[in-house]
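Below is one structure, written out as structure tokens; comments come after it.
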Number of protein chains: 2
Amino acid sequence: MRRGEPRSEELDPRVARSLQTILHAALEELGDVGYGAFTIESVAARAGVGKSTIYRHWPSKLALIEGAFQTLHEQAAPDIVSGSPRERVERIVRHVAEVVAGKPFSSCIPALIDGAERNRDVRRFHHRFQREARKPLVAVIAMGVECGDFESHIDPELTAIALVGAIFYRRLMTNEPFRPGQAAELVATTFGVATRSRAR
Amino acid sequence: MRRGEPRSEELDPRVARSLQTILHAALEELGDVGYGAFTIESVAARAGVGKSTIYRHWPSKLALIEGAFQTLHEQAAPDIVSGSPRERVERIVRHVAEVVAGKPFSSCIPALIDGAERNRDVRRFHHRFQREARKPLVAVIAMGVECGDFESHIDPELTAIALVGAIFYRRLMTNEPFRPGQAAELVATTFGVATRSRAR
DNA sequence: TCGCAGCGATACGTCAACGTATCACTGCTT
DNA sequence: AAGCAGTGATACGTTGACGTATCGCTGCGA
């Protein structure tokens, strides 16, 4: 083996179990202590696993950290095909707010940001992850502009960033995290005007 | 002494010099290695100072970290009294973008976020700092709403957060940081319509 | 000009984590 | 049923940081 990624090939069940347990513990550890203070020994203790088992599967501490961040991928996608563009935007914004507020992602955001600042591979992963997550929102806004639901002069990418930026800002820079229930309010405030101007 | 805050009282010049040198080095170190990997010995080396000198002024590593973050305060404020509300908002947004992109604040943002997540005092400082920084923007937007320049239904606080949130989001979650020159574009996209609807 | 407070340097003991090695044991695969 | 690959435990040497202590040196204030 000697590769961090869990191979989907047939695998000794003991190995599969180890990998999953360790990655789960590593993600928790990252959320708890952050990127800089992350230690392999804590992960081993948390996972109830020997240090050697970790070193058997990942060549170094950094590789394990990267592996742990990879496990952040699994998230159900919201419905983005039904309803008006405005409704779809609200639904996506609510979904982002839920992910940002929920486990395991929420507690890892600071570690992810700090990790991205220190390590190039973490950074690449982090930025790509965010770009992918933003994509449906940008697409729906662009569609809304095209079909005249939103003002033609707005920039879909920039609007999307203002929306999700507000959610992350509240999580990271204030002690009043954004609640998913406020999604409609955020959309209304941020570019509700554009919708109203059509309804007039 | 034994207190981290630089007293404005009369002070042995050697002490004053030490404090300033050490705090400056500590801030650089935080920007470079982050909160979790911050070490006193590195700060001493970077400052060209004995370890003992640091321990003479701060009781522990954490106290020094807090002291270092305190030094982030100094920033010139933008002009917020002349021009239309719309112009003032643009000026403030541009100023925030400059601070977020400039030294020494920019490189400390990830460390600050991570530090805030791990330590209660850092968190309090961080949130208060952000709240203060947001205040003029919220006030100007509220004024614009009151005097009819902006749509009456927008929430000044939420709008302000969408604006600065976009700037921080670009800094932390993408590899295309927000450039101060895009301030007008951001304002136009986010609530340009509100201004236009009045001009109609 | 004198004396001392603050200085940088350095050494010290402690601890924790890194990454390696070894070793029975156990539960897969065949 | 056999045997081996993967396991947890444990010990090891190394490194680096914590925080303390001690030491001459120096530049500030009286």
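Below, read A as the first sequence line, B as the second, and so on, with proteins coming before strands; counting in each chain starts at 1.
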Regarding C:dG8, can its base be found pairing with the side chain of B:K51 as donor and acceptor, where the two atoms are less than 3.5 Å apart?
no

Are the side chains of A:F69 and A:L30 in contact, using a 4.5 Å heavy-atom criterion?
yes

Test of understanding: with side-chain hydrogen bond (donor to acceptor under 3.5 Å, both in side chains), list the residues that count as partners of B:R124, not counting sequence neighbours.
B:D121

Please determine if A:R86 and A:D149 form a salt bridge, counting it only when a charged side-chain N lies under 4.0 Å from a carboxylate O.
no

Could you state the atom-to-atom distance from CG of B:L19 to P of C:dG6 in whole Å?
11 Å

How about A:V96 and A:L163: do any of their side-chain heavy atoms sit closer than 4.5 Å?
no

If you draw a 6.0 Å radius around NE2 in B:H127, do more than 12 non-hydrogen atoms from other residues or ligands fall strictly inside?
yes

So B:H57 and B:V15, do their side chains get closer than 4.5 Å, heavy atoms only?
yes

Please list, one pair per line, the donor and acceptor atoms closer than 3.5 Å that link side chains of residues 131-140 of chain B to other protein atoms, with sequence neighbours excluded.
unit_1 : atom_1 : unit_2 : atom_2 : d
B:E132 : OE2    : B:K135 : NZ     : 3.4
B:R134 : NE     : B:E157 : OE2    : 3.3
B:R134 : NH1    : A:Y169 : OH     : 3.0
B:R134 : NH2    : B:E157 : OE2    : 3.4

Close N or O pairs between protein and nucleotides 23-30 of chain C (under 3.5 Å):
unit_1 : atom_1 : unit_2 : atom_2 : d
C:dC28 : OP1    : A:R17  : NH2    : 3.4

Need one value for A:S18: base, sugar-phosphate or nothing, where a base atom within 4.0 Å counts as base even if backbone is also close, heavy atoms only.
sugar-phosphate

To the nearest angstrom, how far is A:I22 atom CD1 from D:dG6 atom P?
13 Å

Can you find a heavy atom in the side chain of B:I167 that is under 4.5 Å from one in the side chain of B:L186?
yes

B:S52 side chain N/O closer than 4.0 Å to the phosphate oxygens (OP1, OP2) of C:dG8?
no

Bend angle of the helix from C:dT1-D:dA30 to C:dT30-D:dA1 from five-pair axes at both ends, rounded to 10°?
30°

Is the side chain of B:R118 donor-acceptor paired with the backbone N or O of B:G36 at a distance under 3.5 Å, no angle test?
no

Can you tell if the side chain of A:M173 reaches within under 4.5 Å of the side chain of B:I109, non-hydrogen atoms only?
yes

Got a sec? Which of residues 111-121 of chain B come in under 4.0 Å of DNA chain D, heavy atoms?
none

DNA chain D contacts among residues 27-41 of chain A, heavy-atom distance under 4.0 Å:
none

A:H57 side-chain N/O to D:dT7 phosphate OP1/OP2 under 4.0 Å
yes

By nearest nucleotide on DNA chain D, pick out whichever of B:L62 and A:G48 is the more 5' one.
A:G48

State, yes or no, whether a side-chain contact exists between A:R88 and A:R91 at a heavy-atom distance under 4.5 Å.
yes

Please tell me if the side chains of B:R171 and B:P110 come closer than 4.5 Å, counting only heavy atoms from C-beta onward.
yes

Given atom OH of A:Y55 and atom C1' of C:dT22, what is their separation to the nearest angstrom?
17 Å

Any base atoms under 4.0 Å from B:K61, or only sugar-phosphate, or nothing? Heavy atoms, all strands.
sugar-phosphate

Give the rounded distance in Å between these two atoms: CD1 of A:I54 and P of D:dT7.
11 Å

Are the side chains of A:W58 and A:L19 in touch, meaning some heavy atoms are under 4.5 Å apart?
yes

Under 3.5 Å, is there a donor-acceptor pair between the side chain of B:H126 and the main chain of A:L172?
yes

